[in-house]
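A short worksheet on the structure shown next.
Computed from a predicted structure; not experimentally measured. Counting from 1, the numbers follow the sequence of the chain as shown. Worth knowing before you read on, the calculation uses all heavy atoms, side chains too, and leaves out hydrogens, waters and symmetry mates.
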Amino acid sequence: MKVIPHLFNPLQGITSAKNIAKASVLKAAVISAACLSPNAAAYDYSPFKFHVSRTSTEAAQIGDTNTELQRDVWRLKLSGSMPINKQWMIGANIGYDNLDYGFKNVDSGLLNDQVAPWSSINKYSAGLSLIYRPNNSWMFMVAPKLQYSYANTASSSDAQSYGVVGSAMYRFESGNMLGFGVAYLNDISEVKTVPYLAVRWKITDKLTLGNPFQAGFSGPAGLELSYKFNEKWDFGLGTSRRSERFLISDNEQTIEMEEWVTFARAGWNISKKATINAYGGYFFNSEMELSEPDVTDEIDNQLAVGLAFDIKF
């Protein structure tokens, strides 16, 4: 079992736009903030949310070869949640990601020498969430997840991953929330446990520290410092470590992309139900690891941009 400690956790996918959401930490924090509030009855709650995002990276060199990689990612997600009573809330989500891998000048290294280059990755996901609020201070969440992630050079039959995310959050009298969570993931050809910090902390009337992404297969939830300029605009700076594992052949060969990302975000609240977020990101310490044989290539640092649209209904 692989244990990955982490205190803060791109562009979700900027996957690694997000890797990106919300039967997870960010959603739990927002929902719980409403549920734990004495004024919860006045909360304008919409049961469904649709997310669509597009991110692109610049071309980056792989290892000591002439090979370059440029990625484009589409992400779609539909989620919903509803209260069962004053203490319990249930949610569900389904998602589809399409990752376009554009390799250029493939001559040697991990690609060609070990595996044939792939051109696209399909990822299907589904999850449930159950939130329990015993009192006005504590909130607990458990969220099982299922995912299929495979390249166009493999079939979906051996591409299954599953896991569960659990967290506990405490709400202070100020309304700030702090907690801890653990994600247990039986990923393709690897089992790992990922601890993470769950936080939603209002530093001032304008500044808030929180989790921008969901905890799960793509990594912990990260940290973002956001600034509310006015009712329409807010801005953020954040960082995270992201990963993306997928099947590339039917003999259980997998590729895992691991990288750090730091990003800047500008958000526009079109209305109470719709928002648009624009991202500028920078990937660094990136690696592409083949499972069998065990071969790793580094990827040069690269810039990325993303645009995400969310609507509640």
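- Aromatic rings from F213 and F263 are positioned such that their centres are separated by under 6.0 Å.
- Side chains of M257 and R71 form a contact here, defined as non-hydrogen atoms less than 4.5 Å apart.
- Side-chain polar atoms of E259 and S286 form a donor-acceptor pair below 3.5 angstrom.
- Taking the six-membered ring for Trp and the full ring otherwise, W118 and Y101 have centroids separated by under 6.0 Å.
- Of all heavy-atom pairs spanning F217 and S161, the tightest one is CE2-CB, 3.4 Å.
- The CH2 atom of W233 lies 6.5 Å from the CH2 atom of W268; values are rounded to the nearest 0.5 Å.
- In terms of heavy atoms, E287 sits closest to I299 at C-CD1, 4.4 Å.
- In this structure, W74 and V52 have side chains that are in contact, with non-hydrogen atoms separated by less than 4.5 Å.
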For this session: Assess whether side chain to side chain contact (heavy atoms under 4.5 Å, CB included) is satisfied between I276 and N269, documenting all intermediate values.
Result: CA-CA 7 Å; I276 291 179; N269 297 312; over 6 Å; no
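- Defined by atom type and a distance below 3.5 Å, a donor-acceptor pair is present between the side-chain atoms of S291 and T254.
- S226 contributes a side-chain N or O that, together with a main-chain N or O of T208, makes up a donor-acceptor pair within less than 3.5 Å.
- Here the rule is side chain to side chain contact (heavy atoms under 4.5 Å, CB included) with E289, and of V295, T296, D297 only T296 fits it.
- Under 3.5 Å, the side chains of N152 and S119 contain a donor-acceptor pair of N or O atoms.
- Note: F172 and Y170 meet the aromatic proximity criterion, with ring centroids under 6.0 Å apart.
- Side-chain contact annotation: R171 with S137, donor-acceptor N/O pair under 3.5 Å absent.
- Counting heavy atoms from C-beta on, the side chains of Y148 and L146 come closer than 4.5 Å.
- F180 and M169 fall into different hydrophobic clusters, where Ile, Leu, Val, Met, Phe, Trp and Tyr residues are linked whenever their side-chain heavy atoms come under 4.5 Å apart, directly or through other members.
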For this session: Could you give me the CA-CA distance, side-chain angles and deciding distance for I255 and M288, then say whether side chain to side chain contact (heavy atoms under 4.5 Å, CB included) is met?
Result: CA-CA 7 Å; I255 285 287; M288 182 170 63; 3.8 Å; yes
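- For E256 and R245, the salt-bridge test passes: some basic side-chain N is under 4.0 Å from an acidic carboxylate O.
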For this session: Given side chain to side chain donor-acceptor pair (under 3.5 Å), test N301 with Y282 step by step and report yes or no.
Result: CA-CA 7 Å; N301 300 344; Y282 184 71; 3.1 Å; yes
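- For L99 against D97, the heavy-atom pair with the smallest separation is CD1-CB, 3.8 Å.
- Between Y150 and F246, the gap from one ring centroid to the other reaches at least 6.0 Å.
- At a threshold of 4.5 Å between non-hydrogen side-chain atoms, the residues Y184 and V191 count as touching.
- A salt bridge between E224 and R265 is present, with a side-chain N of the basic residue lying under 4.0 Å from a carboxylate O of the acidic one.
- Across N176 and S174, no two heavy atoms sit closer than the pair ND2-OG, 3.1 Å.
- Checked by atom type, the side-chain pair Q214/K77 shows a donor-acceptor distance below 3.5 Å.
- In the displayed structure, F48 atom CZ is contacted under 6.0 Å by at most 12 heavy atoms of other residues, nucleotides or ligands.
- For the residue pair G216 and V165, the shortest heavy atom distance occurs at CA-CG2, 4.4 Å.
- Taking CE of M139 as the reference point, atom CE of M89 lies at 10.0 Å (rounded to 0.5 Å).
- No side-chain N or O of S120 forms a donor-acceptor pair with one of D100 less than 3.5 Å apart.
- For the atom pair CD1 of I131 and CD1 of I90, the computed distance is 10.5 Å after rounding to the nearest 0.5 Å.
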For this session: Could you give me the CA-CA distance, side-chain angles and deciding distance for I311 and K49, then say whether side chain to side chain contact (heavy atoms under 4.5 Å, CB included) is met?
Result: CA-CA 6 Å; I311 185 168; K49 181 176 182 178; over 6 Å; no
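- Electrostatic pairing of D72 and R54 counts as a salt bridge here, judged by a charged N lying under 4.0 Å from a carboxylate O.
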Problem set entry | Full working for side chain to side chain contact (heavy atoms under 4.5 Å, CB included) between F50 and D310 | CA-CA 6 Å; F50 177 68; D310 293 275; over 6 Å; no
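- Atom-to-atom distance recorded for T57:OG1 and L69:CG is 6.0 Å, nearest 0.5 angstrom.
- Atom NZ of K104 has 12 or fewer neighbouring heavy atoms from other residues, nucleotides or ligands inside a 6.0 Å radius.
- Annotation: side chain of W260 is in contact with side chain of T239 (closest heavy-atom distance under 4.5 Å).
- A chain of hydrophobic side-chain contacts below 4.5 Å, direct or via other Ile, Leu, Val, Met, Phe, Trp or Tyr residues, connects L207 to L209.
- Atoms OG1 and CG, from T153 and L247 in turn, are 7.5 Å apart once rounded to the nearest 0.5 Å.
- Judged by distance alone, the side chain of K228 and the main-chain N or O of E231 form no donor-acceptor pair under 3.5 Å.
- Residues E252 and S189 bring no donor and acceptor atom of their side chains to less than 3.5 Å of each other.
- Of all non-hydrogen atoms in A60 and D300, the two that sit nearest each other are CB-O, 3.5 Å.
- Hydrophobic cluster membership is shared by I270 and F229, with clusters built from Ile, Leu, Val, Met, Phe, Trp and Tyr side chains linked at under 4.5 angstrom.
- Side-chain contact between L225 and I203 is present, with heavy atoms from C-beta onward closer than 4.5 Å.
- The side-chain heavy atoms of F283 and T262, taken from C-beta on, include no pair separated by under 4.5 Å.
- Residues L307 and F235 are members of one and the same hydrophobic cluster, defined by side-chain heavy-atom contacts under 4.5 angstrom among Ile, Leu, Val, Met, Phe, Trp and Tyr.
- Rounding to the nearest 0.5 Å gives a distance of 9.5 Å between OG1 of T275 and NE2 of H51.
- F140 has its side chain within reach of W138: a pair of non-hydrogen atoms, C-beta onward, lies under 4.5 Å apart.
- Linking Ile, Leu, Val, Met, Phe, Trp and Tyr whenever their side-chain heavy atoms come within less than 4.5 Å puts M82 and L130 in one cluster.
- Aromatic rings of Y96 and Y124 (six-membered ring for Trp) have centroids within the 6.0 Å cut-off, being under it.
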